[in-house]
Amino acid sequence: MPELPEVETVRRGLEPVLAGARLARVTARRPDLRFPFPDGFGQRLTGARIEALRRRGKYILAPLDRGETLIIHLGMTGRFVIDDPRARRPAGDFALAAPADPKHAHVVFETEAGAVVTYFDARRFGFMDLTADGSIDAHPRFAGMGPEPLGAAFDADYLAAAFAGRRQAVKAVLLDQHVVAGLGNIYVNEALYRARISPLTAAGALTNKQRAGLVMTVRSVLEEAIEAGGSTLRDYANAEGAMGYFQHAFQVYGRAGEACRTPKCGGVVERAVQAGRSTFSCPRCQR
DNA sequence: CCCACGACCTGTGGGC
DNA sequence: TGCCCACAGGTCGTGG
C-alpha cells in the first residue's frame with residue numbers, strides 16, 4: 001500500500017477534481033472500513049465544498065467549508081478512481097493498472113460538476129474520519145506524528161535526537177510514524193541501502209555521518225518515487241488508473257537472491273524478517 | 001520502554 | 001487444472 005510517494009501521487013490526481021468542488025452526494029456503501037465511518041458521514045459531506053487537498057504523512061486531508069476536515073488513509077489496498085466526463089483522457093501511453101473490482105467500491109463522491117470519485121479498498125485496512133478544523137494536530141492519528149521527511153524539520157540534528165539511546169534496529173525506528181511520517185517498508189529498505197546502512201543496526205549506534213547520509217537518501221528516494229508516480233506492485237494505481245513506475249528503480253526491495261547493484265560489490269541481496277516484515281539488504285555493502 | 005507476534009481482510013502467486 | 005500456504009505497500013493491541 002501506499003507510502004508517502006503513492007499517497008502524494010493520489011493527492012495530486014484528486015486535486016484538480018476535488019479541490020474547490022462542492023459535493024452533490026457522498027455515499028458510504030457499507031458501515032465501515034477498518035473502523036466504522038463517523039456518524040452521519042454521508043450527510044456531513046453532502047453539500048460541503050472541499051477547500052483544498054493536503055497530505056500529512058500517509059494521510060490525505062480535505063478541509064471543508066463547514067469547519068470539518070475529511071481524513072483519509074488508504075491502508076494497504078485503498079485506491080481512488082475518477083470518472084470525470086468533462087476531463088479529456090490523458091494523452092500518451094502509460095500502463096493501466098488492473099481495473100478495480102466493483103465489489104470493493106466502498107465510498108462514492110459525486111461533485112456538483114458531475115465527476116464521480118470512487119474509493120475502492122479490497123482489504124479494508126483504510127479508513128476515513130471527520131474532525132473539526134484546527135483539531136487535526138490533536139486528533140489521535142496526528143498527535144505525536146513525526147515530521148515530514150521532505151520538510152525542513154527532518155535533518156541530521158533531528159535524527160540525532162530521535163535516535164539517541166535507541167537500541168531498536170534503525171529500520172524499525174524509521175517505520176515508526178512518530179519518528180518520521182510517511183515511510184513504509186519499501187522506501188525504508190531503499191533509503192537504508194542508498195545510505196549503506198544495515199537495517200539491523202541499532203538506531204542509537206549510528207554515526208553523525210550516517211545520520212546525515214540517511215537524511216539525504218530518505219529525501220532522494222522519496223523525491224524520485226514521487227517523480228515516477230509512486231510504485232505499483234499489485235493494487236496501487238493513481239487516480240487516473242495508471243501505474244506508478246518507481247518499482248523498476250528498486251535496488252533491494254523484492255530482490256532477494258539477486259546481485260547487489262552497487263558497482264563491484266559482488267554481494268547478494270538478502271531477505272530477513274524484522275518485526276514481521278520483510279527486510280532486504282546487501283550484507284556486503286550495508287554495515 | 002522494547003520487541004515479537006497476532007489481528008484485521010482479501011487477493012495472488014508459487015509450489016506441488 | 002486445482003489446492004494450499006505464504007505473503008502483501010499499514011497499523012493497533014497484547015503479552016512477555
Measure all distances between protein nitrogen or oxygen atoms and nitrogen or oxygen atoms of nucleotides 12-16 of chain C, and list the pairs falling under 3.5 Å.
unit_1, atom_1, unit_2, atom_2, d
C:dC12, OP1, A:Arg141, NH1, 2.4
C:dC12, O4', A:Arg34, NH2, 2.9

Using atom names, set out every protein N or O paired with an N or O of nucleotides 10-13 of chain B below 3.5 Å, distance rounded to 0.1 Å.
unit_1, atom_1, unit_2, atom_2, d
B:dT10, OP1, A:Arg124, NH1, 3.1
B:dT10, O3', A:His104, NE2, 3.4
B:dG11, OP1, A:Lys103, NZ, 3.3
B:dG11, OP1, A:His104, NE2, 2.9

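Between A:Arg271 atom CZ and B:dG14 atom C1' there is a gap of 14 Å when expressed in whole angstrom units. Taking atom CZ on A:Arg277 and atom P on B:dC3, their separation rounds to 16 Å, with Å as the unit. Distance A:Asp121 CG to B:dC8 C1': 12 Å, rounded to the nearest Å. Taking atom CE of residue A:Met76 and atom C1' of nucleotide C:dC7, one finds them 9 Å apart after rounding to whole Å.
There is a side-chain donor-acceptor pair under 3.5 Å between A:Tyr193 and A:Thr262. Side-chain atoms of A:Arg271 and A:Ser278 form a donor-acceptor pair, as typed in the model, at a separation below 3.5 Å.
For the residue pair A:Asp155 and A:Val215, the shortest heavy atom distance occurs at C-CG2, 3.6 Å.
Other residues, nucleotides and ligands place more than 12 heavy atoms under 6.0 Å from the CZ atom of A:Arg44.
Two residues are said to be in side-chain contact when any heavy atoms from C-beta on lie closer than 4.5 Å; A:Phe41 and A:Val26 meet this criterion.
Proximity of A:Gln177 to the phosphate of C:dT11: a side-chain N or O atom is located under 4.0 Å from OP1 or OP2.
Within 4.0 Å (heavy atoms only), A:Arg166 reaches sugar-phosphate atoms of the nucleic acid but no base atom. Counting any heavy atom pair closer than 4.0 Å across all strands shown, A:Tyr187 reaches no nucleic acid atom. Backbone-only contact: A:Gly184 has heavy atoms under 4.0 Å from sugar-phosphate atoms and none from a base. Looking at heavy-atom distances under 4.0 Å, A:Ser231 makes contact with a base.
The main-chain N or O of A:Gly57 is never found under 3.5 Å from a side-chain atom of A:Gln177 such that the two would form a donor-acceptor pair. The backbone N or O of A:Ala48 sits nowhere less than 3.5 Å from a side-chain atom of A:Asp65 that would complete a donor-acceptor pair. Using modelled atom types, one side-chain atom of A:Arg22 and one backbone atom of A:Gly47 make a donor-acceptor pair closer than 3.5 Å.
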Read 5' to 3' with Watson-Crick or G-U pairs under 3.5 Å, [ ] for crossing pairs and | for partners on another strand, DNA chain B gives .|||||||.|||||||
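Shown are A:Lys171, A:Gln274, A:Glu3; of these, the side-chain hydrogen bond (donor to acceptor under 3.5 Å, both in side chains) with A:Asn185 is made only by A:Lys171.
Checked against the 6.0 Å centroid criterion, the rings of A:Phe250 and A:Phe280 do not qualify as a close aromatic pair.
Stacking between A:Phe125 and the base of C:dT11 is absent under the criterion of ring centres within 5.5 Å and planes under 30 degrees.
The residue among A:Gly276 and A:Gly165 whose nearest nucleotide of DNA chain B is located toward the 5' end is A:Gly165.
Among the nucleotides B:dC2, C:dG10, C:dA8, the one closest to any side-chain atom of A:Gln168 is B:dC2.
One P atom belongs to B:dC5, the other to C:dA6, and the distance between them is 15 Å to the nearest Å.
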